[in-house]
Amino acid sequence: MKKLMFYFLISSIIPGKLMSQTTTKSTEDNRSAIAILDSFANAFNAHDADKIISYMTDDCIFEASAGPDVNGEKFVGKDAVKKAFEDVFKNYPDAKWNNPHHFISGDRAVSEWIFTGTKPDGSKIEVTGCDLFTFRGGKIYIKNSYRKNRPPIPKS
């Protein structure tokens, strides 16, 4: 009977200890990833392409919401990705990604946001969207963007 009680006690305590250690580490990782994503969003809203790229790996990938391929237009490497972001800022000089909310799971993350911007012809865009991220080595490796397809609001 003592042996049975001992096994019961050990089997009850050890899994809880292991789970709490995993949860603590995961929470720390999540905080770090959320801090990166918050800073990343702030750099976008500041139109600071150099700062944006500093959060990404050297071989980063950006898959835009639109483009000729099934995954939109794909940009690979810091130079190509930086230029793609700079082009967005040229096309929407007042572009903002508002109210970002982030969800983390392991090395993957999702950011939801509302994009607003004005095109050079004066028409406005306001759409919800999200980014799917893959992290590697504490940096963003892949940024895969999706957004609603809403016609521009004509200049008033």
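By the side chain to side chain donor-acceptor pair (under 3.5 Å) test, Lys90 pairs with no residue at all, sequence neighbours left out. Residues satisfying the ring pair (Phe, Tyr, Trp, His ring centres under 6.0 Å) test with His47, not counting sequence neighbours, are Phe89. Ala84 pairs by the side chain to side chain contact (heavy atoms under 4.5 Å, CB included) definition with Phe62, Phe75, not counting sequence neighbours. Applying the side chain to side chain contact (heavy atoms under 4.5 Å, CB included) rule to Ala33 yields the partners Ile104, Phe135; only residues at least two apart in sequence or on another chain are considered. Judged as a side chain to side chain contact (heavy atoms under 4.5 Å, CB included), and not counting sequence neighbours, the contacts of Asp94 are Thr118. Remark: Tyr55 pairs with no residue by the ring pair (Phe, Tyr, Trp, His ring centres under 6.0 Å) rule, at least two apart or across chains. Partners of Asp59 according to the side chain to side chain contact (heavy atoms under 4.5 Å, CB included) rule, which considers only residues two or more places apart in sequence or in another chain, are Thr57, Arg136, Tyr141. Evaluation of the side chain to side chain donor-acceptor pair (under 3.5 Å) rule for Thr116 yields Asn98 as partners, not counting sequence neighbours.
Taking the side chain as every heavy atom from C-beta outward, Ile142 and Leu132 never approach each other to under 4.5 Å.
Heavy atoms from other residues, nucleotides or ligands lying under 6.0 Å from NZ of Lys139 number more than 12. The 12-atom threshold is exceeded at CG of Asp121, counting heavy atoms of other residues, nucleotides or ligands nearer than 6.0 Å.
Pairs passing the salt bridge (charged side-chain N to carboxylate O under 4.0 Å, His left out) check and including a residue from residues 66-80, sequence neighbours excluded, read Asp58-Lys78. Listed by first and then second residue, the salt bridge (charged side-chain N to carboxylate O under 4.0 Å, His left out) pairs that reach into residues 45-55 are Asp50-Lys82, sequence neighbours excluded. Residue pairs satisfying the salt bridge (charged side-chain N to carboxylate O under 4.0 Å, His left out) criterion with at least one member in residues 143-156, sequence neighbours excluded, are listed as follows: Glu126-Arg150, Asp131-Lys143. Within the structure, the salt bridge (charged side-chain N to carboxylate O under 4.0 Å, His left out) test picks out no pair touching residues 100-119 (sequence neighbours left out).
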